[in-house]
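What follows is one structure encoded as structure tokens, with my remarks underneath.
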Protein chains: 2
Amino acid sequence: MIRTISPNPNRANFGRCSACTVRSLSVCGALDQADLSEFERIARHVHLAANEALFTAGQLAHSVHNLTAGVARLYKLLPDGRRQVIGFALPGDFLGVAPSDRYGFSADAVDSVSACRLSKEAFRHFIEQRPHFLVRINEFAARELSLAQEQMLLLGRRTAEEKVASFLVGWRRRLAHIGDERQIIVLPMSRQDIADYLGLTIETVSRTLTRFEREKMLIIVNGGVRLLDAARAAAMAAA
Amino acid sequence: MIRTISPNPNRANFGRCSACTVRSLSVCGALDQADLSEFERIARHVHLAANEALFTAGQLAHSVHNLTAGVARLYKLLPDGRRQVIGFALPGDFLGVAPSDRYGFSADAVDSVSACRLSKEAFRHFIEQRPHFLVRINEFAARELSLAQEQMLLLGRRTAEEKVASFLVGWRRRLAHIGDERQIIVLPMSRQDIADYLGLTIETVSRTLTRFEREKMLIIVNGGVRLLDAARAAAMAAA
DNA sequence: CGGCCGGTTTGATCTGGATCAATCAGGCGG
DNA sequence: CCGCCTGATTGATCCAGATCAAACCGGCCG
């Protein structure tokens with residue numbers, strides 16, 4: 001069985017920010033010991049089972065979130081049910097940059113998820129006293145924006161084959177960034193999630209992966225893929 | 001002839017920040033008189049003719065920009081020349097939120113453009129002394145991110161008809177926001193720009209607009225469109 | 001251990017939008 | 001005022017990926 005996604009699956013994160021395994025990756029990486037205990041005072045840990053909602057588009061945005069374990073699916077829906085997954089959040093990711101008082105998208109757990117939840121008000125107050133923390137938030141927002149722009153290029157101008165290859169390469173890079181260096185690229189999300197992320201149908205994603213396997217670029221395993229020809233995948237993702 | 005896009009086309013902006021017609025709309029809206037004169041000291045005004053470049057993807061990011069007049073096209077290219085326009089910048093828009101020391105996209109003038117250019121270094125220094133300004137930058141980044149997410153939904157899941165209708169409605173809203181309340185929706189960008197923004201071809205954009213005209217939803221005029229049935233357009237954009 | 005059940009794969013066919021190919025229109029220089 | 005040049009429109013055809021329709025597969029519960 002393939003383990004869940006977490007920087008160090010053997011050590012549990014039980015509430016103490018100073019022991020947080022994703023701190024250096026997260027916005028909290030900018031906090032010193034004193035800041036951290038104040039942060040801990042205003043944060044609450046939440047745990048969600050697969051498919052439970054962190055929050056829903058359109059609701060009043062009471063809270064901001066800091067993912068500490070698992071993978072979340074971020075998405076928007078059209079009235080008739082068409083869905084666009086706008087991103088997958090990993091441990092260390094911050095969900096709270098928003099221009100209005102309502103959530104602009106929905107987020108729910110792909111596998112079991114842990115997160116720090118802070119009331120928006122307490123969070124705003126916390127920030128106001130700590131400009132260096134705001135700088136950090138800004139860096140995270142900038143990275144997020146840059147990823148979104150890359151995704152626009154993908155959605156608007158890449159072929160199905162390029163989309164799937166780009167997704168695998170990008171996902172692998174993000175897993176590596178949080179310390180998951182396993183041979184196998186774990187894919188906890190469903191084919192439908194991937195399709196909705198890439199602007200494709202589930203059938204096209206499935207066919208494309210099968211073709212990649214036939215062409216010996218990868219092997220489809222339970223819960224993920226094993227990449228055999230990383231160079232070829234990277235080339236497809238680039239061009 | 002249709003006038004260029006500017007909040008108040010009759011008053012020129014000649015270098016003095018305190019006389020800047022877009023200040024309240026821009027990141028500078030958060031600055032007081034003293035901040036403003038320091039800002040003015042480190043800013044330089046640049047003017048570009050149509051199709052001149054503000055900056056190019058991949059180059060070292062020396063500067064940040066604050067658009068004061070005209071429209072800029074922001075885009076990314078694939079190695080084979082496929083282009084995705086990731087946005088159009090209007091007066092008041094800030095171009096400078098980036099996660100790396102290189103520009104992540106290219107920007108050039110659609111029509112003739114004016115902008116404040118600041119060295120990234122001077123800008124960073126300026127920010128460090130002024131946390132409230134950073135908050136403002138953050139709000140702008142959040143709005144930008146939210147627009148990008150909306151655009152991902154459009155690119156991934158909307159039909160050609162919905163894309164064109166959404167574009168017109170969204171563009172009109174942005175024009176209204178900067179004070180352009182004219183009956184006609186000015187479209188200074190080419191059909192190719194619109195196509196590359198919507199993930200379509202120029203032919204599909206053209207055909208869709210002519211169909212909208214045949215169906216009496218709008219009239220195509222030189223340099224823009226006159227919207228006759230705003231409700232219908234809004235309905236198409238929503239669903 | 002067998003029969004669901006949800007997610008995935010595979011196959012057959014269809015179609016929205018792309019591609020290829022002429023016009024067409026309007027601004028501009030001569 | 002004419003002819004060109006660039007961008008836009010319109011028409012004919014094509015095809016990548018969607019849709020429709022079965023299997024298939026693995027985990028789980030009785």
Side-chain angles (χ1 to χ4, degrees), chain A residues 1-2 49-51 73 78 80-85 110-111 154-168 186-215 218-225 236 239, chain B residues 1-2 49-51 73 78 80-85 110-111 154-168 186-215 218-225 236 239:
Chain A
M1 186 47 200
I2 297 200
N51 298 314
R73 164 177 58 232
L78 287 172
D80 65 1
R82 280 174 288 172
R83 185 178 73 153
Q84 180 65 38
V85 170
V110 168
D111 50 8
L154 178 144
L155 290 168
R157 288 299 181 225
R158 293 175 115 100
T159 64
E161 170 176 296
E162 291 166 354
K163 284 176 175 183
V164 175
S166 296
F167 167 67
L168 292 175
V186 287
L187 299 173
M189 69 292 287
S190 71
R191 294 286 187 267
Q192 187 64 64
D193 290 337
I194 298 174
D196 287 347
Y197 182 55
L198 301 177
L200 298 171
T201 58
I202 185 173
E203 292 95 331
T204 298
V205 171
S206 182
R207 275 186 246 274
T208 304
L209 284 173
T210 324
R211 188 155 54 76
F212 285 169
E213 186 169 46
R214 236 185 355 255
E215 295 169 354
L218 51 75
I219 300 170
I220 300 169
V221 298
N222 210 312
V225 300
M236 276 185 183
Chain B
M1 185 49 198
I2 297 200
N51 299 314
R73 163 175 62 230
L78 287 171
D80 65 1
R82 279 174 289 172
R83 185 177 74 154
Q84 180 66 37
V85 170
V110 167
D111 50 9
L154 177 144
L155 289 168
R157 289 297 180 226
R158 293 176 115 103
T159 65
E161 171 176 295
E162 290 166 356
K163 284 176 175 183
V164 174
S166 297
F167 167 68
L168 291 175
V186 287
L187 298 173
M189 70 292 285
S190 70
R191 293 286 187 269
Q192 186 64 65
D193 290 337
I194 297 173
D196 286 348
Y197 182 56
L198 300 177
L200 298 171
T201 58
I202 184 173
E203 294 94 332
T204 299
V205 171
S206 182
R207 275 187 246 275
T208 305
L209 284 173
T210 14
R211 187 156 55 74
F212 285 169
E213 186 169 45
R214 234 183 0 253
E215 295 169 356
L218 50 77
I219 300 171
I220 300 170
V221 298
N222 210 313
V225 300
M236 276 186 184

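The figures that follow rest on heavy atoms only: side chains count, while hydrogens, waters and symmetry mates do not. Letters go in sequence order (proteins before strands), and every chain restarts at 1.
Distance from the side chain of A/T210 is smallest to C/dT10 among D/dT9, C/dT10, C/dT8. Counting only heavy atoms from C-beta on, A/S190 has its side chain closest to C/dT8 among D/dG27, D/dT10, C/dT8. If you check C/dT10, D/dT10, D/dG27 against the side chain of A/N222, the one that comes closest is D/dG27.
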Q.
I'd like to know whether A/T204 forms a side-chain contact (heavy atoms from CB on, under 4.5 Å) with A/L198, so could you lay out the CA-CA distance, the side-chain angles of the two residues, the decisive distance to 0.1 Å, and finally the verdict.
A. CA-CA 10 Å; A/T204 298; A/L198 301 177; over 6 Å; no

*Report the C-alpha separation of B/F212 and B/E161 in whole Å, then their side-chain angles, then the decisive distance to 0.1 Å, and conclude whether the side-chain contact (heavy atoms from CB on, under 4.5 Å) test is met.*
CA-CA 9 Å; B/F212 285 169; B/E161 171 176 295; 3.9 Å; yes

- Message: As a quick check of understanding, evaluate side-chain contact (heavy atoms from CB on, under 4.5 Å) for B/T159 and B/M236, giving each step before the final call.
- Response: CA-CA 10 Å; B/T159 65; B/M236 276 186 184; over 6 Å; no

### Full working for side-chain contact (heavy atoms from CB on, under 4.5 Å) between A/L187 and A/L168
CA-CA 9 Å; A/L187 299 173; A/L168 292 175; 4.3 Å; yes

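Here D/dC25 presents its P atom at 15 Å from CZ of A/R191, a figure rounded to the nearest Å. We find that CG of B/L209 is positioned 7 Å from P of D/dT9, with the value rounded to whole Å. Atom CD in A/Q192 sits roughly 11 Å away from atom P in D/dT19 (whole-Å rounding). With rounding to whole Å, B/I194 atom CD1 is found 14 Å from D/dG7 atom P. Separating the CD1 atom of B/I220 from the P atom of C/dA25 is a distance of 13 Å, rounded to the nearest angstrom. For the pair B/I202 CD1 and C/dA22 P, the interatomic distance rounds to 18 Å; values are reported in whole Å. Across the protein-nucleic acid pair, A/N51 atom CG and C/dG7 atom P stand 8 Å apart, rounded to whole Å. Whole-Å rounding puts the A/R211 CZ to C/dG11 P distance at 14 Å.
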Using a cutoff of under 3.5 Å, can you pull out all pairs of nitrogen or oxygen atoms linking the protein to nucleotides 14-18 of chain C, with atom names and distances?
from   : atom 1 : to     : atom 2 : distance (Å)
C/dG17 : OP1    : B/A160 : N      : 2.9
C/dA18 : OP1    : B/T201 : N      : 3.4
C/dA18 : OP2    : B/T201 : N      : 3.4
C/dA18 : OP2    : B/T201 : OG1    : 3.0
C/dA18 : OP2    : B/T204 : OG1    : 2.4

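Pairing each heavy atom of B/I220 with each of B/R191, the nearest pair is CG2-NH2, 3.8 Å. Summarising the geometry of B/D196 relative to A/R157, their closest heavy-atom pair is OD1-NH2, 2.7 Å, with the distance given to 0.1 Å.
To the nearest 0.5 Å, atoms CG (B/D111) and CZ (B/R73) are separated by 9.5 Å.
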